[in-house]
Amino acid sequence: MKALQDKILQEGRVLPNHILQVDQFLNHQVDTALMEQVGNEFAKRFAQERVTKVLTIEASGIVPACLTALQLGVPLVIAKKSKSLTLASALHTADVYSYTKQEATTIAVSEKTIQAEDRVLIIDDFLANGEAAKGLLTIVEKAGATSVGIGIVIEKSFQTGRQSLDDQGVRVESLARISSLQNGQVSFLLETAMIEK
Ligand code: G4P
């Protein structure tokens with residue numbers, strides 16, 4: 001998605017350890033007009049899938065997932081990372097290991113929100129090693145529901161997540177695919193855009 005790539009080139013910052021900081025438009029301050037375009041693009045790509053629920057994980061996946069759900073006219077379900085008193089006792093859970101934080105978290109969704117007849121679209125902001133995506137897939141599976149695919153705003157294609165989801169036969173639609181974050185430069189996989197930051 002060109003508008004997203006342009007924004008990454010204009011406002012993204014490459015940090016050490018191959019981290020892309022996008023606090024100006026996605027992770028901290030949010031460019032709501034751009035996120036609306038993101039939601040519309042995911043809704044278009046998955047339009048034929050008869051999606052009944054969009055599923056994401058707190059926190060940064062919520063904005064793009066919400067705008068996708070709004071466009072598709074379906075509810076958004078947010079997997080919780082911390083135990084919440086407001087969550088019902090009957091939960092679908094999955095363990096997610098974060099390589100960046102080097103810790104495992106149990107994510108949870110109430111059994112009341114995703115059911116066997118649901119067709120679930122998973123949306124998240126980043127795909128790196130794919131641990132969050134796999135955890136969300138596990139929750140859909142535990143609910144006996146159908147996963148129609150995964151929409152990712154920014155994919156770090158040089159990490160293992162994309163390949164491992166492809167190997168599992170999961171449909172992944174990423175709006176920006178980054179092939180490297182070396183020497184302060186952002187390079188995209190498919191498009192030719194490349195710029196010194
Ligand atoms: P994985 O889920 O794909 O395996 O990712 P990983 O464990 O490597 O990343 C853990 C967290 O770091 C995730 O957010 C992920 O979105 C984020 N992340 C990974 N690479 C980058 C990057 O280059 N830039 C930014 N900005 N974030 C990155 P999280 O812990 O779930 O945090 P949040 O959603 O609450 O913000």
Side-chain angles (χ1 to χ4, degrees), residues 4-5 7-31 34-35 38-39 42 54-69 76-84 93-109 121-141 147 149-168 170-189 193-195 197:
L4 175 65
Q5 289 199 354
K7 195 73 166 177
I8 292 169
L9 293 174
Q10 285 156 14
E11 295 187 13
R13 274 188 56 214
V14 180
L15 302 182
N17 300 318
H18 311 281
I19 295 291
L20 178 67
Q21 190 196 61
V22 288
D23 281 3
Q24 287 302 308
F25 63 94
L26 179 55
N27 286 161
H28 189 42
Q29 174 171 269
V30 174
D31 182 331
L34 180 66
M35 289 305 120
V38 162
F42 283 136
V54 171
L55 174 65
T56 191
I57 181 168
E58 59 183 359
S60 303
I62 295 174
V63 171
C66 185
L67 289 162
T68 305
L76 167 66
V77 178
I78 302 162
K80 304 262 192 176
K81 281 182 185 162
S82 54
K83 282 218 173 82
S84 161
T93 62
D95 289 331
V96 171
Y97 182 77
S98 167
Y99 288 94
T100 45
K101 292 180 184 155
Q102 304 227 321
E103 62 185 25
T105 317
T106 301
I107 61 169
V109 160
L121 171 59
I122 292 169
I123 300 284
D124 208 355
D125 59 336
F126 271 90
L127 176 63
N129 293 304
E131 293 296 315
K134 281 181 221 160
L136 293 171
L137 284 169
T138 300
I139 282 181
V140 175
E141 197 182 316
S147 160
I150 302 182
I152 296 291
V153 182
I154 302 176
E155 173 188 308
K156 293 162 80 182
S157 311
F158 55 89
Q159 291 190 238
T160 57
R162 176 61 188 253
Q163 187 62 53
S164 104
L165 291 169
D166 282 350
D167 292 346
Q168 288 178 52
V170 177
R171 177 181 174 195
V172 180
E173 294 284 342
S174 302
L175 303 189
R177 303 186 70 192
I178 291 176
S179 58
S180 89
L181 290 173
Q182 277 176 338
N183 307 320
Q185 284 186 336
V186 181
S187 308
F188 293 106
L189 196 64
M194 186 170 165
I195 199 164
K197 300 288 302 174

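Every number for a ligand or one of its atoms is a count from 1 in the order of the listing. Just so it is clear, the values below take in all heavy atoms, side chains as well, and ignore hydrogens, waters and symmetry mates.
- In summary, the atoms of ligand 1 found under 4.0 Å from a heavy atom of Asn27, numbered by their order in the structure, are 25 (C), 26 (N).
- Near Ser60, the atoms of ligand 1 lying under 4.0 angstrom from a non-hydrogen atom of the residue are 33 (P), 34 (O), 36 (O).
- For atom 13 (C) of ligand 1, the nearest non-hydrogen atom of the protein is Thr100 OG1, 5.0 Å.
- For ligand 1, none of its N or O atoms has an N or O atom of Leu127 under 3.5 Å away.
- Between Ala59 and ligand 1, a contact under 3.5 Å exists for at least one N or O pair.
- Using a 4.0 Å cut-off to heavy atoms of Ser98, the atoms of ligand 1 that qualify are 7 (O), 10 (C).
- Residue contacts with ligand 1: Ala133 is placed with no nitrogen or oxygen under 3.5 Å of a nitrogen or oxygen of the ligand (distance criterion only).
- Set against the non-hydrogen atoms of Asn129, the atoms of ligand 1 under 4.0 Å away are 1 (P), 3 (O), 4 (O), 5 (O), 8 (O).
- The shortest side-chain heavy-atom distance between Asp124 and Ile150 does not fall under the 4.5 Å cut-off.
- Within ligand 1, the atoms closer than 4.0 Å to a non-hydrogen atom of Lys156 are 20 (N), 21 (C), 22 (C), 23 (O), numbered from 1 in the order shown.
- Heavy-atom proximity to Ile19, at under 4.0 Å, picks out these atoms of ligand 1: 22 (C), 23 (O), 24 (N).
- Distances from atom 21 (C) of ligand 1 to the protein include at least one heavy-atom value under 4.0 Å.
- At a heavy-atom distance under 4.0 Å, only side-chain atoms of Lys101, from C-beta outward, approach ligand 1.
- When each atom of ligand 1 is checked for a heavy atom of Ala132 under 4.0 Å away, the hits are 2 (O).
- Distance remark: protein heavy atom present below 4.0 angstrom from atom 29 (P) of ligand 1.
- No part of Ile57 comes within 4.0 Å of ligand 1, judged by heavy-atom distances.
- Of the N or O atoms in Gln159, none lie within a sub-3.5 Å distance of an N or O in ligand 1.
- A donor-acceptor contact shorter than 3.5 Å links the side chain of Glu58 to the backbone of Lys81.
- Between the side chain of Ser180 and the backbone N or O of Ser187, no donor-acceptor pair lies under 3.5 Å.
- Atom 17 (C) of ligand 1 is never approached by the protein to below 4.0 angstrom, counting heavy atoms only.
- In this comparison of Glu103, Lys81, His18, Arg13, the heavy atom closest to atom 35 (O) of ligand 1 sits on Lys81.
- Closest heavy-atom approach to atom 3 (O) of ligand 1 within the set Gly12, Gly61, Gly130, Gly161: this belongs to Gly130.
- Close approach of ligand 1 to Asp125 is summarised as follows: ligand atoms under 4.0 Å from at least one heavy atom of the residue are 16 (O).
- Between the Lys156 side chain and the His18 main chain, a donor and an acceptor come within less than 3.5 Å of each other.
- Evaluated for a side-chain contact (heavy atoms from CB on, under 4.5 Å) with Ile122, the options Ile57, Val140, Val77 yield exactly one hit, Val140.
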